[in-house]
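Source: prediction; values computed, not measured. The basis for the numbers below is simple: all heavy atoms, side chains too, and nothing from hydrogens, waters or symmetry mates.
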Amino acid sequence: MEIGKTYNPKEAEAKWYPYWMKNNFFASKPDKTKKPYTIVIPPPNVTGVLHMGHMLNNTIQDVLIRRARMLGYNACWVPGTDHASIATEAKVVALLKEKGIKKTDLSREDFLKHAWEWKEKYGGIILEQLKHLGASCDWDRTKFTMQDELSDAVLDVFVDLHKKGHIYRGVRMVNWDPQGLTAVSDEEVIHKEKDSQLVYINYKIKGSSEHVTIATTRPETIMADTAVCVHPEDERYQHLKGKLVIIPLINKEVPVIFDDYIDKEFGTGALKVTPAHDINDYNLGIKHKLPVIDALTADGKISEAAQIYIGMDRFACRKQIIKDLQEQGFVTKIETIKNKVGHSERTDAVIEPRLSMQWFLKMDKISKPALDAVVNDDPEVKLIPEKFINTYKHWMENVHDWCISRQLWWGQRIPAWYDGQGNTVVCKTKEEAFEKLRSTNTEVRMENIKQDEDVLDTWFSSWLWPLTVFDPHIIKNGWDKANEDLKYYYPTNDLVTAPEILFFWVARMIIAGKEYTGQKPFTNVYLTGIVRDKQGRKMSKSLGNSPDPLELIKKHGADGVRVGMLLSSPAGNDLMFDETYCEQGRNFANKVWNAFRLIKGFMVEDIKQTEAQKEAILGFEIRFSEQLELINDNYSKYRMSDALMKTIKLFWDDFCAWYLEAIKPDFIDGQAQPIDKSTYQTTINFLEQLMVIIHPWMPFITEEIWHLIGERKQNDCCIVANWPKSQSLKEDLLKEYDSTKWIITTVRDTRAQKKLSPKDKLELFETSSKPISHFRNFVIKLANLNKYELTSEKIEGTISFIVNDSSFQIPVSVNVEEERERILKEIDYNKGFLKSVQVKLANEKFMNNAKPELVELERKKEADAMGKIKTLEAQLSSLK
RNA sequence: GGGGGGUUAGCUCAGCUGGUUCAGAGCACCUGCCUUACAAGCAGGGGGUCACUGGUUCGAACCCAGUACUCCCCA
């Protein structure tokens with residue numbers, strides 16, 4: 001068989017993903033004889049294409065799910081997408097616009113037809129892309145938040161929560177997106193620091209020649225002013241009590257009010273009060289019973305109520321009004337200040353605080369169990385890393401009511417019905433609504449009943465995700481009648497998501513889970529960081545600093561990219577991505593490939609196993625067990641990068657550099673020597689176990705090698721192989737094995753120092769009360785010795801070194817002066833060390849306070865150091 | 001303004017209950033090797049005032065206070 005010198009990922013990827021699919025390895029069905037391990041995917045936006053954040057997130061999920069599968073769990077990873085109302089609607093609107101169709105010209109039904117067409121055609125591209133990464137999702141379970149059954153559940157929840165009194169309708173100041181023409185939640189507003197002009201404007205005081213100066217960054221709203229407010233204790237304005245002031249340009253009279261809400265220091269200490277356009281002013285307005293004048297239209301233009309500039313865009317108006325006010329002498333100065341301006345996450349339009357009728361979910365009571373589930377000494381839901389608990393707590397304790405209505409068409413339409421006479425009922429169908437309305441309005445007629453025009457916030461459907469992907473009828477039926485799937489898979493095990501949506505989504509899923517099943521939706525929440533470029537900038541389309549994930553996969557292989565993503569991504573910390581990480585991953589894949597090539601090339605014959613081979617096997621066995629334990633421990637703590645690095649080093653260092661080098665048969669006269677059957681078979685076993693533990697990180701190459709090792713039955717695949725079990729730790733042996741590595745390294749170093757070729761064989765003499773016993777031939781092989789003997793003599797003309805309690809000598813030509821220097825330096829160091837230990841031991845307070853084990857340890861350190869010094873001094877004297 | 005992080009080698013990060021040889025890893029760098037698995041490699045090596053100041057302690061990268069810089073969230 002011809003095996004290439006470098007690993008070719010493309011072939012393996014094209015081969016094994018379809019093979020896994022065909023054999024249903026990703027599929028999961030409830031099976032009472034096995035424990036479930038479940039992850040629901042954070043459903044990507046249906047309009048989305050794969051970006052680096054998805055890569056990180058889904059690689060982690062795939063690693064977890066693949067390992068769980070190998071550990072024998074019934075592993076189920078549910079994929080799907082989110083309908084993303086505002087983003088999708090914006091996309092469809094844009095597409096229609098290109099075709100010359102205006103949304104406003106379409107009926108709701110026709111628009112939705114277009115939207116569904118778009119979804120069928122382009123939605124879900126991202127799921128196909130995930131397959132290139134190797135994501136082992138159970139694709140038969142793919143869900144979409146707006147598919148019929150899931151939508152139905154959303155309406156059930158709305159009706160139910162309304163019945164329970166948690167949902168209400170009210171006029172509120174909302175964050176209005178004048179471009180998307182919808183309200184957006186607080187969480188969807190991005191505050192950006194901007195340079196703004198703070199304009200100082202004089203308002204004349206009625207019946208006086210004086211004026212009062214207000215400062216505002218929003219002069220275009222002065223027509224909506226209904227008062228000017230000053231601090232009751234502000235001495236500058238005491239004379240204004242009971243006075244009226246006149247708004248420039250429109251010459252409207254408004255009262256001066258007094259409230260200690262005012263910050264005397266900001267601007268002039270006098271505030272224009274515009275209840276319709278600022279949340280604080282709105283509250284002031286309520287308190288002081290001020291009228292509300294809405295001077296802006298829904299799309300951000302000046303309304304008729306403003307009297308002037310009608311129809312002008314708000315920003316154009318701002319420029320114009322400043323100019324006009326200046327010309328008429330009302331402006332005293334203009335300052336440039338920095339302030340935060342809210343922008344819509346979806347359309348990037350400047351958010352306008354706006355009063356409107358919206359539906360809200362009351363959060364105070366319903367969120368309580370979700371707070372307790374996380375913030376607790378022994379929490380039901382664990383956040384990883386823990387530092388997010390504080391953030392979560394802070395948010396949940398100050399939670400605001402959730403505005404759940406959106407002025408859009410793409411989404412679940414709010415199941416509220418109006419009879420046109422001020423009666424509202426909430427229920428799923430028009431027929432039901434008719435019945436209900438009739439009880440208060442006997443005159444009501446079917447054709448007069450109108451459904452609410454708005455749809456629900458997308459998060460109002462995705463908060464049900466872990467429930468409805470398994471049982472969409474759970475809301476209706478209740479937990480007791482939940483279907484088999486939900487009972488089996490819920491609560492899920494791990495959720496992998498970004499901290500940015502801890503509140504949007506994670507908290508709300510816990511709320512919904514608690515409300516409808518009395519249980520948490522997941523046990524662990526692994527919060528990934530943000531993928532940034534190496535300058536620390538967030539990756540974004542507009543900056544163009546994000547590599548195309550699929551290109552990366554093409555270039556470095558899926559396995560390489562997966563490793564690259566995880567090499568440096570501790571939970572919750574941002575990842576400074578650099579393509580060289582993928583190179584490291586690719587390099588490792590190549591290393592694995594070549595180790596396999598070496599093993600595959602061995603000539604196996606019926607010969608005797610060498611002692612060095614026996615010892616190497618023992619060494620690797622104990623090392624493998626030791627490291628496997630540590631790797632398992634890292635996994636259990638979700639320390640993914642650590643688990644990965646240990647796995648890589650176990651293969652690269654322990655297996656390749658130490659084990660394979662030790663068992664590799666020699667070349668004699670350019671002729672590779674054969675290997676014995678036993679060593680070969682053991683090596684293959686080791687390789688298989690290593691493929692298994694590497695598999696979650698690098699599924700493709702490991703599956704490829706698994707099958708190249710030998711003929712396999714159809715179902716005998718790496719993906720479903722058993723995770724290895726570690727043997728009991730043999731600490732003494734491990735310690736000896738570690739010592740042998742030090743000995744070997746030191747011999748090699750000596751060779752390098754003496755400018756000897758690695759091919760030159762050396763002799764080694766050991767002086768020890770407890771000499772190396774299990775790995776002597778291993779040392780001979782790897783240090784390339786022709787003699788390794790015990791002695792109690794000082795041999796003349798040797799370089800000497802110490803490993804643990806033993807001293808070693810290598811006969812080589814020695815520069816006595818240099819050697820003396822070196823030993824003296826080492827004696828010096830050890831004496832210093834000894835002194836520090838002895839100071840500790842002489843310290844009464846230490847002796848009284850420190851734990852006994854610790855004192856014991858210090859005594860051992862003292863003895864070790866003294867022993868070492870003695871040995872070194874002996875070496876020194878033997879130099880003479 | 002309120003809340004939460006972070007600052008350890010050139011870079012990216014570990015360092016768990018304060019206690020060996022605890023100052024570490026990977027990359028980068030330097031030296032020597034095209035040694036027939038692998039130059040995407042092998043062998044070896046150098047490199048840090050643990051941001052700063054003070055405190056607690058027998059003992060501090062680790063605990064406390066303050067300072068500087070920085071990131072995130074909320075208002």
Engineer: Taking only the side-chain nitrogens and oxygens of A:Lys393, find out if one of them lies under 4.0 Å from OP1 or OP2 of B:G3.
Structural biologist: no
Engineer: According to the Watson-Crick and G-U wobble definitions, with both distances under 3.5 Å, which nucleotide is paired to B:G1?
Structural biologist: B:C74
Engineer: Is A:Asn594 near enough to B:G41 that one of its side-chain N or O atoms lies under 4.0 angstrom from OP1 or OP2?
Structural biologist: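 It does not, given that no N or O in the side chain of A:Asn594 lies less than 4.0 Å from OP1 or OP2 of B:G41.
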Engineer: Output yes when A:Lys10 and A:Glu13 qualify as a salt bridge under the 4.0 Å nitrogen-oxygen rule, no when they do not.
Structural biologist: no
Engineer: Name the closest nucleotide to the A:His400 side chain, picking from B:U21, B:A75, B:C38.
Structural biologist: B:A75
Engineer: Can you tell if the side chain of A:Leu566 reaches within under 4.5 Å of the side chain of A:Ile60, non-hydrogen atoms only?
Structural biologist: yes
Engineer: If the cut-off is 4.0 Å, is A:Arg639 near the phosphate of B:G15, judged by side-chain N/O to OP1 or OP2?
Structural biologist: yes
Engineer: If I pick the C1' atom on B:G26 and the same atom on B:C33, what distance separates them, to the nearest angstrom?
Structural biologist: 23 Å
Engineer: How close or far is atom P of B:A75 from atom CH2 of A:Trp395, stated in whole angstroms?
Structural biologist: 10 Å
Engineer: Are the charged groups of A:Lys741 and A:Asp654 less than 4.0 angstrom apart, N to O?
Structural biologist: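 Yes, charged N to carboxylate O under 4.0 Å.
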Engineer: For A:Lys754, answer base if it contacts any base atom (sugar-phosphate contacts may also be present), sugar-phosphate if it contacts only those atoms, and nothing otherwise; contact means non-hydrogen atoms under 4.0 Å.
Structural biologist: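 Answer is nothing: A:Lys754 stays at 4.0 Å or more from every strand.
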Engineer: Counting only side-chain heavy atoms from C-beta out, which of B:U20, B:C16, B:G44 sits nearest to A:Lys637?
Structural biologist: B:C16
Engineer: Checking side chain to side chain contact (heavy atoms under 4.5 Å, CB included) between A:Ile705 and each of A:Val592, A:Leu690, A:Ile599, which is the one that passes?
Structural biologist: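 Of A:Val592, A:Leu690, A:Ile599, side chain to side chain contact (heavy atoms under 4.5 Å, CB included) with A:Ile705 is met by A:Val592 alone.
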Engineer: Roughly how many Å is it from CZ in A:Arg597 to P in B:A37, rounded to a whole number?
Structural biologist: 8 Å
Engineer: Give me the distance, rounded to whole Å, that separates B:U31 from B:A23 when you measure between the P atoms they each carry.
Structural biologist: 29 Å
Engineer: Side chain of A:Asn590 only, please: which of B:U20, B:C71, B:A40 is the nearest?
Structural biologist: B:A40
Engineer: Let me know the distance between CZ of A:Phe503 and C1' of B:G3, rounded to the nearest Å.
Structural biologist: 10 Å
Engineer: Between atom CG in A:Leu527 and atom C1' in B:G5, what is the gap in whole Å?
Structural biologist: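 For the pair A:Leu527 CG and B:G5 C1', the rounded distance is 14 Å.
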Engineer: Any salt bridge between A:Glu731 and A:Lys735, counting N to O under 4.0 Å?
Structural biologist: no
Engineer: Between B:C63 and B:C50, how far apart are the P atoms? Round to whole Å, please.
Structural biologist: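 Roughly 16 Å separates the two P atoms.
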Engineer: Can you tell whether the side chains of A:Asp864 and A:Lys860 come within less than 4.0 Å, N to carboxylate O?
Structural biologist: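 Here A:Asp864 pairs with A:Lys860 in a salt bridge, since their nearest N and O are under 4.0 Å apart.
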Engineer: With a 3.5 Å limit on both atom pairs, tell me what B:U56 is paired to, counting Watson-Crick and G-U wobble, or say none.
Structural biologist: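 Per the H-bond distance test, none.
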Engineer: To the nearest angstrom, how far is A:Phe588 atom CZ from B:C38 atom C1'?
Structural biologist: 13 Å
Engineer: Consider ring-ring contact (aromatic ring centres under 6.0 Å, His included). Of A:Trp402, A:Phe388, A:Trp395, which one does A:Phe503 pass it with?
Structural biologist: A:Trp395
Engineer: If you check every side-chain atom of A:Asp749, which of B:C38, B:A40, B:G44 has the closest atom?
Structural biologist: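 That would be B:G44.
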Engineer: Touch check for A:Thr745, heavy atoms < 4.0 angstrom, all strands: base, sugar-phosphate only, or nothing?
Structural biologist: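 Result for A:Thr745 = sugar-phosphate.
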Engineer: Using 4.0 Å as the upper bound for N to carboxylate O, is an ion pair formed by A:Arg822 and A:Glu826?
Structural biologist: yes
Engineer: Taking the same atom, C1', in B:C38 and in B:A43, what whole-Å distance lies between them?
Structural biologist: 15 Å
Engineer: Name the pairing partner of B:U67, where a pair is Watson-Crick or G-U wobble with both distances under 3.5 Å, or state none.
Structural biologist: B:A51
Engineer: Can you figure out which of B:A14, B:A37, B:C72 approaches the side chain of A:Asp642 most closely?
Structural biologist: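 In terms of side-chain proximity for A:Asp642, the closest of B:A14, B:A37, B:C72 is B:A14.
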Engineer: Regarding A:Lys835 and A:Glu862, does a basic nitrogen lie under 4.0 Å from an acidic carboxylate oxygen?
Structural biologist: no
Engineer: At under 4.0 Å between heavy atoms, which parts of nucleotides 26-31 of chain B does protein reach? Answer with one letter per nucleotide, 5' to 3': B base, S sugar-phosphate only, - none.
Structural biologist: SS----
Engineer: Figure out the CD/P separation between A:Gln673 and B:A37, and round it to whole Å.
Structural biologist: 13 Å
Engineer: Run the side-chain hydrogen bond (donor to acceptor under 3.5 Å, both in side chains) check on A:Asn8 and A:Glu11 step by step: do they pass?
Structural biologist: CA-CA 6 Å; A:Asn8 176 3; A:Glu11 256 172 60; 3.1 Å; yes
Engineer: Using a cut-off of less than 4.0 Å, is there contact between a side-chain N or O of A:Thr391 and OP1 or OP2 of B:C74?
Structural biologist: no
Engineer: Would you check, one step at a time, whether the test side-chain hydrogen bond (donor to acceptor under 3.5 Å, both in side chains) holds for A:Ser739 with A:Asn804?
Structural biologist: CA-CA 7 Å; A:Ser739 299; A:Asn804 286 338; 2.8 Å; yes
Engineer: Is A:Arg748 touching bases, backbone alone, or none of the nucleic acid, heavy atoms closer than 4.0 Å?
Structural biologist: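 Since only primed, P, OP1 and OP2 atoms lie under 4.0 Å of A:Arg748, the category is sugar-phosphate.
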Engineer: Polar atom pairs between nucleotides 55-59 of chain B and protein, under 3.5 Å, N or O only, would you list them?
Structural biologist:
{"residue": "B:C58", "atom": "O2'", "partner": "A:Asn843", "partner atom": "ND2", "Å": "2.8"}

Engineer: Taking the same atom, C1', in B:G45 and in B:U56, what whole-Å distance lies between them?
Structural biologist: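 Approximately 41 Å lies between the C1' atom of B:G45 and that of B:U56.
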Engineer: For A:Lys5 and B:A39, is the shortest distance between a side-chain N/O and OP1 or OP2 below 4.0 Å?
Structural biologist: yes
Engineer: Nearest heavy atom decides the nucleotide; on that basis, is A:Asp633 or A:Ala752 closer to the 5' end of RNA chain B?
Structural biologist: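 Here A:Asp633 is the residue nearer the 5' end.
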Engineer: Roughly how far apart, to the nearest Å, are B:G46 and B:A65 at atom P?
Structural biologist: 40 Å
Engineer: Could you let me know what B:C27 is paired to, Watson-Crick or G-U wobble, both distances under 3.5 Å, or none if it's on its own?
Structural biologist: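 B:C27 is paired with B:G10.
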Engineer: Using the P atom on both, measure B:G55 against B:C16 and round to a whole Å.
Structural biologist: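 Nearest-Å result for B:G55 against B:C16 at atom P: 25 Å.
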Engineer: If we take the C1' atom in both B:A37 and B:G15, what is their distance in whole Å?
Structural biologist: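 The answer is 35 Å between these two C1' atoms.
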Engineer: Specify the separation, in whole Å, of atom CD of A:Glu661 and atom P of B:C38.
Structural biologist: 11 Å
Engineer: Nearest-Å distance, CD1 (A:Ile701) to C1' (B:A40)?
Structural biologist: 12 Å
Engineer: Between A:Lys637 and A:Asp633, does at least one N-O distance fall below 4.0 Å, as a salt bridge requires?
Structural biologist: yes
Engineer: Would you mind classifying the nucleic acid contact of A:Ala672 as base, sugar-phosphate or nothing, using non-hydrogen atoms under 4.0 angstrom?
Structural biologist: nothing
Engineer: Among the nucleotides B:G5, B:C13, B:C38, which one has an atom lying closest to any side-chain atom of A:Lys387?
Structural biologist: B:G5
Engineer: Apply the side chain to side chain contact (heavy atoms under 4.5 Å, CB included) test between A:Leu650 and each candidate in A:Leu630, A:Ile693, A:Leu628; give the one that qualifies.
Structural biologist: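 Only one of A:Leu630, A:Ile693, A:Leu628 forms a side chain to side chain contact (heavy atoms under 4.5 Å, CB included) with A:Leu650, namely A:Ile693.
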